[in-house]
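Throughout, a chain's letter reflects where its sequence line sits, starting with A, and its residues are numbered from 1. Computed from a predicted model, the values in this text were never measured in an experiment.
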Amino acid sequence: MAGLGNIVQADWKLESRMMGSIEIGGSNHFAWCFIDPEHGGEGFGGDRTSLGSHLEFREGEMCSIDFYNRSGMPHTIHLHGLDVDQANDGVPATSFEVPGFGSYKYVFRAPHAGTYHYHCHVDTVLHYAKGMFGTIIVRPADGSTDRAWDGGPTFDEEVLWNLATTDTNWNDNLIASGPETARFNPDGFVINGGETAAASADAMTAIAVQRGQKVYLRLVQSSYQWARVSLNGLPFEVVATDGRPMPTPIQATSWELGPGERYDILFTPNTAGTFRPMVEYLDDYTSRVIGSVKTKLVVS
Amino acid sequence: MTTIPPNAGAISSRRAFLGKLACTAGIVASGTSLLPRAFAAQPAGAYTLWAIEAVETDESFGDGSTVHFYRFQPYQGSAKRGKLPYFEATEGETVVLGLKNSSRVPLQPSIPGVVVAPVVPAGQTGWVMFTMPPAGSYQLSQESYRVVSGPCGLAGTMVSRPSNGLNELWNGGPAFDREYTLHYQDSDSRWNVAAANLQMPNLSEYQPNYFTLNGYSYPDIAADPDSVVACNVGERVLLRMSNSGHMRQSIHFHGYHAQIVARNNVPVTAMPAKDTFEVAGGSTVDIILNVLQAGSYPLHPHSLTAVTANGLYPYGQLTLIVAS
Ligand SMILES: [Cu+2]
Ligand SMILES: [Cu+2]
C-alpha cells in the first residue's frame with residue numbers, strides 16, 4: 001500500500017523543520033518542512049524533508065495535531081478543507097501564530113472521509129512555496145483503508161501524489177516575502193518532492209499493480225501553477241474532490257487541478273506494460289506547459 | 001513600442017457599428033452631458049440608464065508603490081461594488097449603457113455575450129441600448145486593446161434579475177438570503193507603466209504583481225462593506241465571483257465548503273461542495289455558501305502571489321467571511 005493506511009489515529013504530533021532539503025536539477029536546495037517526530041522524524045514516507053508527513057484520521061472522531069515549532073520564526077498549521085473553527089484555522093490575522101519554539105494543539109472533528117491538505121499560513125506566499133505543507137487523509141468512520149468513504153468505492157492499491165513546483169531561488173535565498181517574491185519562476189517540477197528520475201524510482205510515487213487491480217490515486221495540488229495529470233492515455237474515473245464524492249463520477253484521460261484543489265481518481269489497468277504518468281504545470285496567461293514531471297506505472 | 005493614438009479605430013469601428021445598429025447607439029461630442037436628455041441622438045422609448053465614466057487614477061498599494069490604472073467608475077449616481085461600477089435590472093428590460101470617456105484613449109465598453117458599444121473617442125461620450133440578458137452574473141468589460149484592458153483596470157459587474165422578482169439566481173434557480181459581488185483583477189505593473197505612457201506593453205510577457213478585489217487590495221478590502229462577506233449562521237449567501245484579469249484563479253474558502261451553481265451563467269450540477277474553485281480570467285462563477293458556523297474566515301486565491309502587493313504578504317486579493 002505504498003506507505004498509506006499503516007497508521008490511522010486521532011492524535012498526531014508535527015514539528016517544523018527549517019533544515020529540510022529538496023533535490024532539483026541534481027543539486028540539493030533548502031526546504032522548510034513539517035515532520036512527524038513520533039514515526040521516524042522525517043517528512044512524507046519517513047524518508048524526505050521535501051514534503052511534510054501525511055496524517056490519517058477517522059471520520060467523525062475528535063482529533064488533534066500537537067504542533068511544536070522547532071524554529072525561531074512563527075509558523076502555524078492551517079487545516080485546508082477541514083472547515084475547522086476559527087480558533088484552530090491557523091491564520092495569524094484571525095486566530096494566532098505559534099511563536100518560535102512555541103507549541104499549540106490544534107483540535108477539530110474529522111470531516112467526511114476524503115483527501116485534505118495542511119500548511120503553514122504565516123507569510124504564506126513564501127512559507128508554502130518553501131515546502132511547509134502536507135496531506136491529510138480522512139478514513140471512513142470504521143477506519144477501513146480499502147474503501148474511500150462509507151458506501152464509496154473499494155480499491156486494491158492506494159497512492160498519494162502531492163503536486164508541487166519549486167523556485168530554487170526562493171528556497172535557497174529568501175526568508176521573508178518582499179519584492180523578490182513578486183514573481184514565482186519555478187525551476188523544479190515534482191511529485192511527492194521528486195523530479196522525474198526520483199519520482200519514477202520512489203516507492204511512494206511509482207505504481208506497481210497487476211492487471212485488473214483497482215488503484216485509488218489521491219491528487220493534492222500544492223503548486224502556484226495549474227497542473228494537468230494524465231496516465232499515459234489510460235482512462236480513469238474522477239470520483240471525489242475536496243473531501244466529497246462527485247455526484248456522478250466523470251470519465252477522463254487527463255484532468256486539470258487548480259492550486260489547493262484535491263481530486264481522487266480511480267482506475268483499473270487491464271493491459272500489462274510500463275506506463276509513464278505525467279504532471280504538466282501550466283502558465284496562467286499563455287496556458288503553455290512550463291515544466292513537467294513523470295513517474296512510472298508498471299502493470300504485470 | 002506602438003503608441004496608441006487618442007482616437008485610434010474610432011471612426012471605422014463606429015461607422016461599422018452604427019451601420020449595423022444605427023438606432024441603438026450613439027456618440028456625443030465632447031463637453032456634452034451624458035444625461036439622457038442631452039444625447040445628441042437621444043435613445044428612443046423607455047429605458048433605464050446605466051451611466052459610467054472612464055478615468056485614469058494612480059492607486060497606492062501596501063508595499064508603498066503607486067500603480068496607474070484606467071478605471072470605469074460610477075457616474076451620475078449609478079451604483080458601485082467596492083470601487084467598480086455595478087448595475088442591476090430585470091431580464092428583458094431595456095437599458096442604455098452610457099460612457100463618458102475622461103481617459104486619454106478610445107474605449108469600447110462591452111458586456112461579453114450581451115452587447116458591444118461603439119468606440120468612444122477620448123474626451124467624448126457614447127451610448128448603446130440593449131435588452132437585459134437571461135438572469136445571471138455578467139462582467140462589464142472593454143474591447144479596445146482588450147488584452148491590456150482588464151489588467152489595466154477597466155471592469156465592472158452587471159446582474160440580471162429573474163422576471164419572477166424573487167431572490168433566485170434565475171427563475172426557479174438557486175435561492176439565497178443575501179449576495180455579494182467579488183470581482184478579481186490582476187495587474188503586471190510593467191503593463192500599467194506602458195499604458196500610462198500610451199504605449200503597448202510587451203504582450204508576450206505577463207506575470208502580475210498587483211492584485212485587487214472589487215478594486216481594493218487587502219487590508220482596504222477588509223474595510224469595504226461590499227467586499228467583506230458579512231452573514232449569519234443559517235443563511236444561504238450567493239457569491240457572484242468574476243475575474244477580468246489573466247490569472248486562472250483557484251479561490252479557497254476557509255471555514256466552509258460551498259456549492260458552485262453556475263459558470264458563465266451555465267448551470268453546474270457535476271460538482272459536490274468544494275473548498276477551492278476555479279475562477280478563470282474572463283469568467284463569472286456563482287457560488288452558494290451555506291453558512292454553517294460562526295467566525296471570521298479568509299477567502300483567497302491559492303496562487304499565493306495573488307495575496308501580495310509586489311510580493312509582500314498579506315496584501316492583494318484577501319477578504320474575509322464574517323459570520324455571526
Ligand atoms: Cu511557516
Ligand atoms: Cu490552503
Testing B:H257, B:H252, B:H300 for ring-ring contact (aromatic ring centres under 6.0 Å, His included) with A:H80, which one passes?
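When B:H257, B:H252, B:H300 are each tested with A:H80, the ring-ring contact (aromatic ring centres under 6.0 Å, His included) holds only for B:H252.
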What heavy-atom pair brings [X] and [Y] nearest, and what distance separates the two atoms?
| X | Y | result |
| --- | --- | --- |
| B:P272 | A:T241 | CG-CG2, 3.5 Å |
| B:S250 | A:G258 | OG-C, 3.5 Å |
| A:V125 | B:G311 | CG1-O, 4.0 Å |

Once rounded to the nearest 0.5 Å, what's the spacing between atom [atom1] of [X] and atom [atom2] of [Y]?
| X | Y | atom1 | atom2 | answer |
| --- | --- | --- | --- | --- |
| A:T248 | B:M271 | OG1 | CE | 11.0 Å |
| B:S303 | A:Y128 | OG | OH | 9.5 Å |
| A:Y285 | B:L203 | OH | CG | 5.0 Å |
| B:L304 | A:Y224 | CG | OH | 4.0 Å |
| B:R248 | A:D284 | CZ | CG | 7.5 Å |
| B:T276 | A:Q221 | OG1 | CD | 10.0 Å |

Strictly less than 4.5 Å between heavy atoms, which residues of residues 81-92 of chain A line up against chain B? Please order them by number.
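Hits under 4.5 Å: A:G81, A:D83, A:V84, A:D85, A:Q86, A:D89, A:V91.
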Could you tell me which residues in residues 172-185 of chain A have at least one non-hydrogen atom under 4.5 Å from a non-hydrogen atom of chain B, sorted by residue number?
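Residues A:S177, A:G178, A:P179, A:T181, A:A182, A:R183, A:F184, A:N185 are the ones that qualify, each having a heavy atom under 4.5 Å from chain B.
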Any side-chain donor near an acceptor of the partner, A:T124 and B:Y313, under 3.5 Å
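Yes, B:Y313 and A:T124 have a side-chain donor paired with an acceptor closer than 3.5 Å.
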Donor-acceptor side-chain pairing of A:H119 and B:H302 below 3.5 angstrom:
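Yes - a donor-acceptor pair under 3.5 Å links their side chains.
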Can you tell me if CG on B:D177 sees more than 12 non-hydrogen neighbours from other groups inside 6.0 Å?
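Yes, CG of B:D177 has more than 12 neighbouring heavy atoms, counting only those of other groups under 6.0 Å.
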With a 6.0 Å cut-off on ring centres, are B:H254 and A:H121 close enough?
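Centroid distance B:H254-A:H121: below 6.0 Å, so yes.
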Could you look at B:T308 and say if it's the side chain, the backbone, both or neither that has a heavy atom under 4.5 Å from chain A?
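Side chain only.
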B:P208, part contacting chain A, at a heavy-atom distance under 4.5 Å
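Contact with chain A involves the backbone of B:P208 alone.
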When heavy-atom pairs shorter than 4.5 Å are enumerated against chain B, which of A:R244, A:M246, A:Q225 gives the highest number?
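The option with the most such pairs is A:R244.
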Quick one: what part of A:P111 sits under 4.5 Å from any heavy atom of chain B, side chain, backbone, both or neither?
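For A:P111, there is no contact with chain B at all, as no heavy atom is under 4.5 Å.
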